[in-house]
2 protein chains.
Amino acid sequence: MDNQENILNIALNLFTLKGYEAAGVQEIVETANVTKPTLYHYFGSKRGLLDALLKKYFDVITKKAEEACTYSGDLPFTLTRVTETFFNFAKKNETFYRMQMAMCFSSTGSEPFIATKDYNIKLLALLEKMFLLASEDHGNMKNRQKRYAFTFLGIINSYISLYLNSGIKLNDEAVYSAVHQFSHGIYS
Amino acid sequence: MDNQENILNIALNLFTLKGYEAAGVQEIVETANVTKPTLYHYFGSKRGLLDALLKKYFDVITKKAEEACTYSGDLPFTLTRVTETFFNFAKKNETFYRMQMAMCFSSTGSEPFIATKDYNIKLLALLEKMFLLASEDHGNMKNRQKRYAFTFLGIINSYISLYLNSGIKLNDEAVYSAVHQFSHGIYS
DNA sequence: CATTTACTATACCGATCGGTATATTTGTTC
DNA sequence: GAACAAATATACCGATCGGTATAGTAAATG
């Protein structure tokens, strides 16, 4: 088993279970059955480990979101595709999504928040760009891309949060529901 | 200046800014211009300090939520009143609401999550009870009180999160919007 | 005035924190 | 097989962690 990958997996579990600050480096290496120098050889620091972990998963969701966000004249269709993309990613990477949401809601001065900030900004920018293109076809949403991006991702994350904590299904019905709930907020 | 109250205020600020784990007892007492024994005299432990802080604010919102959740036959009216109650509390206690949301989204095994758990369950139970009463008048929502309570609070917190992080106003329009967005999810 | 109670300061505790210096092992290349 | 770089182990670092023993002060009570 690859030590580097193993450390990443253990770190993901411990960060998710106990939180980034509460999970000690010592605990991580013990659980992964390696020693500290091994961890520091690969990642340089605890923060470096976190960064590597975030990059590993955020690169995936960012790329998928990029593809899903291409606007082709049909906004409901695009919104549905984006929602499906996020739901599928969350289902495939439950633990990571748990960790990521906790970090995104953590204190603005904390390391986890700072480490995830740019990734979340990037995701919002993709949504914003999509809404900007769509605004040429929907006059009533001009100059509101930022808020729409924020609220849309907010609704998506609400559903994912419900999935993770309350056990609802993220099926086609949930996608439909999320998209329509957001649209209802837009067009009224 | 009352040392006890002062420590609570400083702790609220530091927990919110840096997170519960990252904010050290030493830092708290230095910022509050007291010494450790003073803090431990009043609160017994760091966890005791957190508990006192949570109790101070949660007791207020819980009481207000209790009043607002009394169902009187008019569900939209009750939902509006509940939403207003939460919005007003969040506006009056921005820092606390920030901290509380971070803790509620934090790792399920972390101290802050455990410390806030019962309070959040209590709030959800109040909403649940309201939906249960209302279900006698709305046949199509039988046995769904739990999910409705969860999603309703989720939407409320989404709006408050937007208010805290993106600067939207929590005015009557926002209340109307939140209630209708939730209702749209229910009745469809 | 004596006593008690609430409160606060000095100084300290063991444990753990993130991180590293040094040495040894492992696998690859010439 | 010699030389070299990557990877891992032993043992350790100063700093900080949450928490406390002891002693003293301040104010109220007898």
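Chain letters run A, B, ... following the sequence lines, proteins first and then strands; every chain starts at 1.
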Engineer: Rounded off to whole Å, could you give me the CD-to-C1' distance for the B:Gln4 and C:dT8 pair?
Structural biologist: 14 Å
Engineer: Identify, with sequence neighbours excluded, every residue that meets salt bridge (Lys or Arg N to Asp or Glu O under 4.0 Å) alongside A:Lys91.
Structural biologist: none
Engineer: Is a side-chain donor or acceptor of B:Arg81 paired with a backbone partner of B:Thr70 at a separation under 3.5 angstrom?
Structural biologist: yes
Engineer: For B:Lys169, enumerate each residue passing the salt bridge (Lys or Arg N to Asp or Glu O under 4.0 Å) test, keeping only those at least two apart in sequence or located in another chain.
Structural biologist: none
Engineer: Can B:Asp51 and B:Arg47 be counted as an ion pair, charged N to O under 4.0 angstrom?
Structural biologist: yes
Engineer: Would you mind writing out the side-chain donor-acceptor pairs for residues 28-36 of chain B within the sub-3.5 Å range, not counting sequence neighbours?
Structural biologist:
{"from": "B:Glu30", "atom 1": "OE2", "to": "B:Gln26", "atom 2": "NE2", "distance (Å)": "3.3"}
{"from": "B:Thr31", "atom 1": "OG1", "to": "B:Glu27", "atom 2": "O", "distance (Å)": "2.7"}

Engineer: Can you list, in residue-number order, the parts of residues 31-40 of chain B that come under 4.0 Å of DNA chain D, counting heavy atoms only?
Structural biologist: B:Lys36, B:Pro37, B:Tyr40
Engineer: Return the set of residues passing salt bridge (Lys or Arg N to Asp or Glu O under 4.0 Å) with A:Lys122 (not counting sequence neighbours), or none when no residue passes.
Structural biologist: A:Glu66
Engineer: What parts of residues 13-24 of chain A reach DNA chain C, counting only heavy atoms under 4.0 Å away?
Structural biologist: A:Ala23, A:Gly24
Engineer: Separation of B:Asp2 atom CG from C:dT8 atom C1', in whole Å?
Structural biologist: 14 Å
Engineer: According to ring pair (Phe, Tyr, Trp, His ring centres under 6.0 Å), who are the partners of B:Phe58, at least two apart in sequence or on a separate chain?
Structural biologist: B:Phe96, B:Tyr119
Engineer: Roughly, in whole Å, what's the span from CG in B:Asn6 to C1' in C:dC7?
Structural biologist: 15 Å
Engineer: Which nucleotide of DNA chain D is the first, and which the last, in the 5' to 3' direction, to come under 4.0 Å of a heavy atom belonging to chain A?
Structural biologist: D:dA7 to D:dT10
Engineer: Just to verify, what does A:Tyr71 make a side-chain hydrogen bond (donor to acceptor under 3.5 Å, both in side chains) with, not counting sequence neighbours?
Structural biologist: A:Asp137
Engineer: Starting at NE2 of A:His41 and ending at P of C:dT24, how long is that distance when rounded to a whole Å?
Structural biologist: 19 Å
Engineer: Quick test of your reading of the model: are A:Lys56 and A:Glu5 salt-bridged, counting only N-O distances below 4.0 Å?
Structural biologist: yes
Engineer: Checking B:Tyr42 now: which residues fulfil side-chain hydrogen bond (donor to acceptor under 3.5 Å, both in side chains) with it, not counting sequence neighbours?
Structural biologist: none
Engineer: Taking DNA chain D as the partner, which of residues 106-117 of chain B come within under 4.0 angstrom of it by heavy atom?
Structural biologist: none
Engineer: Once side-chain hydrogen bond (donor to acceptor under 3.5 Å, both in side chains) is applied, do any residues pair with A:Thr80, and if so which ones, sequence neighbours excluded?
Structural biologist: none
